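No hydrogens, no waters, no symmetry mates; every other heavy atom, side chains included, goes into these values. Counting convention: from 1, in listed order, for ligands and their atoms alike. Note that the structure is a prediction, hence the values are computed from the model and not measured.
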Amino acid sequence: MLLKTTINQFNKVAEEYDFVNTLLNDYSFFMFNLPLHRGRALDVGCGSGILVNELSSHFDEVVGIDISGEMLEIAKAKRQHPNTTYLNMDAENLIFDRKFDLIVSRTTFHHLNNIPSVINNMKKLLNDGGKIVILDNVSEKETPATYVYILGAIFEFIPHLRKYGLKNAIRIFKHNISKPWLEHLASDKYISEKQYYELYGKLLPNCKFQRMGWAMGIVFCMGKI
Ligand SMILES: C[S@@+](CC[C@H](N)C(=O)[O-])C[C@H]1O[C@@H](n2cnc3c(N)ncnc32)[C@H](O)[C@@H]1O
């Protein structure tokens, strides 16, 4: 996918994406997999900074990078702390002069064109004893049909209503079936569980995989822990 297209898509949905993810998403996989030494952390594709915010109370310094200006604006407005930095940077061209103890990425890797190159750069940027923790979509169908997402939004409405109230449930539903979000999902390309084991198993030797419904979690430890 062209970088410009991805930037435009996320700029369009940034506000509603942030609203929905602030309410719904569970970042606990990352919190369960923190490294022992908690100096510096990097979030690749940080979006509106939800995970950066979570990590900021566990690390001396947290850097979030993203290519969507709108996402970064929300992150800076809502989730800026003295120890957090947000940068407009492409994951395919990570440039840092200091290493990290943790590099995380959530639901971003399926947007990348050259995963082996990104992973190899991440490994170079990782301190000994550091961890790479990735969570991304897994699907036997490369691009699920749009009606699947619409049906999902309908089925989730009542549980969301019970949990978050009518106003929030309507806003979540509207985002999930909105034209820009469905257009974005229709351009996503996911890999299967088997492809995860093949690709990441080679790039991150001895990494651990954890299947969590629509998501696959990967944890890699560099050197001795
Ligand atoms: C589905 S959102 C996930 C945001 C955040 N990680 C979260 O879980 O809330 C994917 C994010 O990846 C960013 N992204 C896509 N391609 C990227 C790239 N090449 N470099 C940096 N960020 C990228 C998008 O702008 C978007 O903010």
Side-chain angles (χ1 to χ4, degrees), residues 1-33 41-56 62-80 84-96 100 102-122 125 132-139 143-144 149 152-153 172 175-176 178 180-191 212-218:
M1 155 98 59
L2 281 175
L3 200 62
K4 216 173 149 190
T5 312
T6 309
I7 296 172
N8 285 338
Q9 287 182 344
F10 277 103
N11 279 346
K12 270 190 204 165
V13 299
E15 196 177 335
E16 291 312 291
Y17 182 90
D18 174 62
F19 172 79
V20 170
N21 277 268
T22 304
L23 268 183
L24 295 190
N25 273 310
D26 178 3
Y27 292 73
S28 55
F29 177 67
F30 297 93
M31 296 304 136
F32 283 128
N33 287 296
L42 170 67
D43 184 359
V44 175
C46 66
S48 60
I50 301 171
L51 182 52
V52 168
N53 188 51
E54 298 278 330
L55 294 172
S56 68
V62 187
V63 180
I65 68 122
D66 206 283
I67 43 158
S68 158
E70 296 294 327
M71 286 285 203
L72 289 168
E73 282 310 309
I74 296 172
K76 286 178 195 165
K78 290 178 72 172
R79 303 184 179 97
Q80 183 76 269
T84 58
T85 311
Y86 294 103
L87 301 173
N88 196 324
M89 188 186 281
D90 183 358
E92 315 252 7
N93 193 18
L94 295 173
I95 300 176
F96 290 99
F100 296 90
L102 174 69
I103 304 181
V104 295
S105 185
R106 185 183 176 282
T107 58
T108 296
F109 261 67
H110 62 274
H111 295 298
L112 305 181
N113 294 314
N114 191 342
I115 289 177
S117 156
V118 176
I119 293 279
N120 287 329
N121 278 337
M122 283 182 166
L125 285 170
I132 293 174
V133 183
I134 297 168
L135 182 146
D136 199 14
N137 302 64
V138 56
S139 171
T143 305
Y149 294 111
I172 296 168
H175 165 71
N176 285 343
S178 69
W181 184 240
L182 290 176
E183 272 173 11
H184 165 71
L185 293 173
S187 67
D188 269 355
K189 283 195 164 78
Y190 305 137
I191 61 172
M212 294 161 277
W214 59 266
M216 178 68 91
I218 302 164

Participant: Is the backbone of Cys46 close enough, under 3.5 Å, to the side chain of Asp66 for a donor and an acceptor to pair up by distance?
Facilitator: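 Checked: pair present.
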Participant: Run the numbers for me: atoms of ligand 1, each under 4.0 Å from some heavy atom of Phe10, listed by number.
Facilitator: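 Contacts of ligand 1 toward Phe10, numbered from 1: 1 (C), 2 (S), 10 (C), 24 (C), 25 (O), 26 (C).
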Participant: If you have a sec, work out which protein heavy atom is nearest atom 8 (O) of ligand 1 and how many Å separate them, to one decimal?
Facilitator: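 Result for atom 8 (O) of ligand 1: Arg106 NH1, 2.6 Å.
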Participant: Could you tell me if Arg106 sits above the aromatic ring of Phe30, with its cationic atom closer than 6.0 Å to the ring centre and no more than 45 degrees from the axis?
Facilitator: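 Checked: cation-pi criterion not met.
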Participant: Do the side chains of Arg79 and Asp18 get nearer than 4.5 Å, heavy atoms only?
Facilitator: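 Result yes, sub-4.5 Å side-chain heavy-atom pair found.
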Participant: Kindly check if the number of other-residue, nucleotide or ligand heavy atoms within 6.0 Å of NZ (Lys189) is above 12?
Facilitator: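 No, NZ of Lys189 has 12 or fewer neighbouring heavy atoms, counting only those of other groups under 6.0 Å.
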Participant: Which is closest to atom 4 (C) of ligand 1 in terms of heavy atoms, Ser48, Gly64, Gly45, Gly69?
Facilitator: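 Considering heavy atoms of Ser48, Gly64, Gly45, Gly69, the nearest to atom 4 (C) of ligand 1 sits in Gly45.
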Participant: Which protein non-hydrogen atom lies closest to atom 14 (N) of ligand 1, naming both residue and atom, and how far is it?
Facilitator: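 It is Ile67 CG1, 3.8 Å.
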Participant: Listed by chain and number, what are the ring-ring contact (aromatic ring centres under 6.0 Å, His included) partners of Phe100, not counting sequence neighbours?
Facilitator: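 If we apply the ring-ring contact (aromatic ring centres under 6.0 Å, His included) test to Phe100, skipping adjacent residues, the hits are Phe96.
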Participant: What is the nearest protein non-hydrogen atom to atom 11 (C) of ligand 1, stated with its residue, atom name and distance?
Facilitator: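 Atom 11 (C) of ligand 1 sits closest to the protein heavy atom Thr108 OG1, 3.6 Å.
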Participant: Can you sort out which atoms of ligand 1 are near Met89, meaning under 4.0 Å from one of its heavy atoms?
Facilitator: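 Those of ligand 1 that fall under 4.0 Å from Met89 are 20 (N), 21 (C).
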Participant: For Met71, counting its heavy atoms only, list the atoms of ligand 1 lying under 4.0 Å from any of them.
Facilitator: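 Result: 27 (O).
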Participant: Strictly by modelled atom types, are Ser28 and Asp26 linked by a side-chain donor-acceptor pair under 3.5 Å?
Facilitator: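 There is such a pair between these side chains.
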Participant: What atoms of ligand 1 come closer than 4.0 angstrom to any heavy atom of Ser68?
Facilitator: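 Those qualifying, in numeric order: 25 (O).
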Participant: What protein heavy atom lies closest to atom 10 (C) of ligand 1? Include the residue and the distance to one decimal.
Facilitator: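 Residue, atom and distance for the closest contact: Thr107 O, 3.4 Å.
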Participant: Which residue holds the protein heavy atom closest to atom 25 (O) of ligand 1, what is that atom called, and what is the gap in Å?
Facilitator: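 Its nearest protein heavy-atom neighbour is Asp66 OD1, 2.6 Å.
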Participant: Counting both backbone and side chain atoms, is some N or O of Tyr27 under 3.5 Å from an N or O of ligand 1?
Facilitator: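 For ligand 1, there is an N or O atom that lies under 3.5 Å from one belonging to Tyr27.
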Participant: Asp43 near ligand 1, heavy-atom distance under 4.0 Å?
Facilitator: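 Flag not set, Asp43 not near ligand 1.
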Participant: Compute the shortest N/O to N/O distance between Ala91 and ligand 1 and return yes if it is under 3.5 Å, no if not.
Facilitator: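 Looking only at distances, the answer is yes, because the N/O contact criterion of under 3.5 Å is met.
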Participant: Counting C-beta onward and ignoring hydrogens, is there a side-chain heavy-atom pair between Asn8 and His184 closer than 4.5 Å?
Facilitator: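 The answer is no, as the side chains (C-beta and beyond) never meet within the 4.5 Å cut-off.
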Participant: Would Trp181 and Tyr149 count as a close aromatic pair, with their ring centres under 6.0 Å?
Facilitator: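 No, too far apart.
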Participant: Suppose I only count heavy atoms of Cys46 and a 4.0 Å limit; which atoms of ligand 1 are within that range?
Facilitator: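 Result: 5 (C).
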Participant: Hey, which atoms in ligand 1 end up nearer than 4.0 Å to a heavy atom of Leu112?
Facilitator: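 Contacts of ligand 1 toward Leu112, numbered from 1: 18 (C), 19 (N).
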Participant: Under 4.0 angstrom from ligand 1, any heavy atom of Leu51?
Facilitator: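 The answer is no, since Leu51 has no heavy atom less than 4.0 Å from ligand 1.
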Participant: Do Ile67 and Thr6 come close enough that some side-chain heavy atom pair is under 4.5 Å?
Facilitator: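 Yes. Closest side-chain heavy atoms under 4.5 Å.
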Participant: Give the atom numbers and elements of ligand 1 that come within less than 4.0 Å of a heavy atom of Leu3.
Facilitator: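 Ligand 1 atoms under the 4.0 Å threshold to Leu3: 19 (N).
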Participant: Looking just at side-chain N and O atoms, do Thr107 and Asp136 make a donor-acceptor pair shorter than 3.5 Å?
Facilitator: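 Judged by distance alone, the side chains do not pair up.
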Participant: Based purely on interatomic distance, does Thr6 place a nitrogen or oxygen under 3.5 Å from a nitrogen or oxygen of ligand 1?
Facilitator: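 In fact, backbone or side chain, Thr6 has no N or O that close.
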Participant: Output yes when the distance from some N or O of ligand 1 to some N or O of Asp90 is under 3.5 Å, and no in every other case.
Facilitator: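 N/O-N/O distance below 3.5 Å exists for this pair.
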Participant: Are there over 12 heavy-atom neighbours, none belonging to Glu15, within less than 6.0 Å of that residue's CD?
Facilitator: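 Not more than 12 within 6.0 Å, no.
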Participant: Keeping the roles fixed (side chain from Glu92, backbone from Asn114), state whether a donor-acceptor pair exists under 3.5 Å.
Facilitator: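 Yes: the side chain of Glu92 pairs with the backbone of Asn114.
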